[in-house]
Amino acid sequence: MLTAIRGATSVAADTPEEIRGAVRELLEAICHKNRLREDDVVCILFSNTSDIRSLYPAKAAREAGFARAALFSAAEPEIDGALPLCIRLMVLTEGDGRPVHVYLRAAASLRRDRVHFSVALDGPSGSGKSTAAKQLAKELDILYLDTGAMYRACALKALRAGLGEFTAENVAPLLKELDLRVVYESGAQRTVLDGEDVSEAIRRPEISMAASRISALACVREKMVEMQRAIAAEQSCVLDGRDIGTHVLPDADCKFFITASVDVRAKRRCDELRAKGFAVDFDTVRREIEERDRGDATRAVSPLRQAEDAEYIDTSDLTAAQVVALLKRKIQEKV
Ligand code: DC
């Protein structure tokens, strides 16, 4: 079985150095995103627009270290309105994995739908990450996955089963029969537990603490992370949570760690809960936030932590719209 991976890039000028650089960058990105080694590549077929004359892209691939693959280059006919100085390729590999096609530089505009990228937004509760992630996904026209909702659904299941303490022994049997699905209605995430839409039920304040407690169990995290990775592998997405950049998607294209002062976060959480009709008191919410922070950041398995390559953003003095604009600009600079 062969898998075909498509890709394209462009050069700023028709020079051998430019072509070498662009071909190497494209092949490296294809190998990285598809988890390929050079030996896995059976053959690479290139085509280039006719304004590229100084070096065959196939020769640049050979120079980039593709010693064994069969290589081929062809010039494309001149077509009015075509993207100039463009190199296209098809990489054939052994295996039947799901291909991740890669379009770089100006060629990214050719297939916006095929440019697969992921954004990891981590941070403590009330940092504004969910609000930002939701809006960001809408503006970038990609999927938003609220991973906290999945832990909340696990907590709801355990509470409904009458569990007070959560231990690996009493939660593991529930996970075996867990029927948890994340579905999208008009672009909004709905969380479905055992066939019931629990999207509102999991927002109740008592579920927040329970979610934090149950998320400390390794068996729960393993199951949730597997689901999260499967969803993220399918399409471009923004994931928000506590361990996205450090554990769920360590290769995410963009990583951010979003936070704000405890007072600001408590106020935001109060406003949000009051808007939903819950009578909450600021000091209690503030204390619970601190308690959750402590639990989430000190648990043994995948604690809340900034990934080394994540950008730190303090949203204390920013409006939601400003956070989204800032993130969007940074993402567009990168992908
Ligand atoms: O983001 P949230 O408040 O909905 O998350 C609820 C709890 O779930 C939070 O206290 C910690 C946990 N969580 C986690 O451990 N890892 C994630 N990726 C997301 C949430």
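Note that the numbering runs from 1 along the sequence shown for the chain. Predicted, not measured: the structure shown is a model, and the values here were computed from it. Order of listing sets the numbers, starting from 1, for every ligand and every atom in it.
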Using a 4.0 Å heavy-atom cut-off, say whether His247 meets ligand 1 through its side chain, its backbone, both or neither.
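The answer is neither.
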Among Val100, Leu89, Thr93, side chain to side chain contact (heavy atoms under 4.5 Å, CB included) partner for Ile30
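Going through Val100, Leu89, Thr93 one by one, the side chain to side chain contact (heavy atoms under 4.5 Å, CB included) with Ile30 is satisfied by Leu89 alone.
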Students should be able to answer this: which protein heavy-atom is nearest to [atom], and at what distance?
atom: atom 19 (C) of ligand 1; result: Thr147 OG1, 3.3 Å
atom: atom 8 (O) of ligand 1; result: Tyr151 CB, 3.6 Å
atom: atom 16 (N) of ligand 1; result: Arg221 NH2, 3.0 Å
atom: atom 4 (O) of ligand 1; result: Arg152 NE, 2.7 Å
atom: atom 9 (C) of ligand 1; result: Arg242 NH2, 3.3 Å
atom: atom 6 (C) of ligand 1; result: Arg292 NH1, 3.5 Å
atom: atom 12 (C) of ligand 1; result: Ser215 OG, 3.5 Å

Under a 3.5 Å threshold, yes or no: a donor from one side chain and an acceptor from the other, between [X] and [Y]?
X: Arg152; Y: Ser208; result: yes
X: Asn48; Y: Tyr56; result: no
X: Thr49; Y: Asp51; result: yes

For ligand 1, which atoms sit closer than 4.0 Å to a heavy atom of [X]?
X: Ala211; value: 6 (C), 7 (C)
X: Gly241; value: 17 (C), 18 (N), 19 (C)
X: Gly148; value: 4 (O), 5 (O), 19 (C), 20 (C)

Looking at [X] and [Y], does any basic side-chain N land under 4.0 Å from a carboxylate oxygen?
X: Lys334; Y: Glu311; answer: no
X: Asp122; Y: Lys129; answer: no
X: Lys223; Y: Glu226; answer: no
X: Lys267; Y: Asp271; answer: yes

What I want to know is whether Asp243 and ligand 1 share at least one N or O pair that is separated by under 3.5 angstrom.
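Yes: some nitrogen or oxygen of Asp243 is under 3.5 Å from one in ligand 1.
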Is it the case that ligand 1 has an N or O less than 3.5 angstrom from some N or O of Asp296?
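In this structure, Asp296 places an N or O atom under 3.5 Å from an N or O of ligand 1.
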Is ligand 1 less than 4.0 angstrom away from at least one heavy atom of Arg299?
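The answer is yes, since Arg299 has a heavy atom less than 4.0 Å from ligand 1.
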With a 3.5 Å distance limit and no angle check, can you tell me whether Arg105 reaches the backbone of Ser10 through a side-chain donor-acceptor pair?
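It does hold such a pair.
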